Structure formats: structure tokens, C-alpha cells
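Reckoned from all heavy atoms, side chains included, excluding hydrogens, waters and symmetry mates. Computed from a predicted model, the values in this text were never measured in an experiment.
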Amino acid sequence: MICRDEVDRQPVHQAILIAQEYIDEIITTCEEKGPYMNIGSNIVLAHARPLPSTKKAVMALLLSKQSAALLDDLAHTARLWIFLAIPDDRSHIELIQKLAVLLMDAAHVQRVLAANSQEELLASLHAQ
């Protein structure tokens, strides 16, 4: 299942910036609640409720050239995978709201998806 595969390979996990229990919570939530993390065409926002083991807000991005299916469901594919780990409810909601504003702009999303390097991805996220 792509949800587990994508989360396990992320730099957030590899650098041990968050505990395994948070990654397990993302996977469990994904499996139990379905593909609601597919928040738009080509975008997955993988996150879970805040846990005590998450001491610091962390975000990791994965932009792939080809779409991958969330939960092996071809109706829910994405190229941009955003992984969030947030230590508390307040910052959880605030960060998701900021991302929602950014991702509701179709032209902005197209610039993000057109990025061909890490530098272009970061520049497209910061562009107004």
C-alpha cells in the first residue's frame, strides 16, 4: 500500500525527527478513514493527530514525476505528498489552514507540480 511505503521512506522518519508511533498513526488513520488525505488533484496531506512524542513541528515534501495511488486506489493518486508532524492541536490547525490557502490556488499548485528540482520546489512554494 502506497500510504505505508511513502511514509516509511520520508526524510522526516529517516532523520528520526519524529517517533515511529507518529508514522504508525498516519498509516492507521489512512487505513481506517480512507483516502481523505488526498486533498486535491495530485496532492496528499499525510498527517495524524498530535502525539506527545512529537516535540517539534516538522514538514517533509515529496514531489514525484509519476503519480502514486493512495491506499492502492487509482481514483486517489498524487504527485505531491506533504507529510506533517505537529506537536499540538493549535499549531496543527494553523499549519493546515495555511497550507489550504496555498493549495486552493490552482495556478500556484501547477507551479509547484512543475518543479524539476528541490530548489524549484521550494521557490514555487514561497512564490506569491
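One distance of note links CG of Leu113 with OG of Ser67; it measures 8.5 Å at 0.5 Å rounding. Cys30 contributes atom SG, which lies 10.5 Å from atom NE2 of His47 (distance to the nearest 0.5 angstrom). Note that CG of Leu51 is 5.5 Å distant from CD of Glu25, once rounded to the nearest 0.5 Å. Here CG of Leu99 is found 8.5 Å from CG of Leu125. Values are rounded to the nearest 0.5 Å. Summarising the geometry, atom CG belonging to Leu71 is positioned 12.5 Å from atom OG1 belonging to Thr77; distances are rounded to the nearest 0.5 Å. Separation of atoms CG (Leu80) and CG (Leu62) is listed at 8.0 Å; rounding is to 0.5 Å.
A pairwise comparison of heavy atoms in Pro87 and Lys56 identifies CD-C, 3.9 Å as the closest pair. Closest approach of Leu103 and Val109 over heavy atoms only: O-CG2, 3.3 Å. Here the closest heavy-atom approach between residue Met37 and residue Ile26 is recorded as CE-O, 3.9 Å. Across Leu63 and Val112, no two heavy atoms sit closer than the pair CD2-O, 3.3 Å.
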- request: Output, in order, the C-alpha distance, side-chain angles, deciding distance and verdict of side-chain contact (heavy atoms from CB on, under 4.5 Å) for Trp81 and Leu70.
  value: CA-CA 10 Å; Trp81 296 71; Leu70 177 63; 4.0 Å; yes
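By the criterion of side-chain heavy atoms lying less than 4.5 angstrom apart, applied directly or through intervening Ile, Leu, Val, Met, Phe, Trp or Tyr residues, Met59 is grouped together with Ile39 in one hydrophobic cluster.
A donor-acceptor pair under 3.5 Å is formed between the side chain of Arg79 and the backbone N or O of Ser64.
Screening residues 18-44 for ring-ring contact (aromatic ring centres under 6.0 Å, His included) gives no qualifying pairs among residues at least two apart or on separate chains.
For the side-chain contact (heavy atoms from CB on, under 4.5 Å) criterion with Ile86, the lone passing option out of Ile96, Leu95, Thr54 is Leu95.
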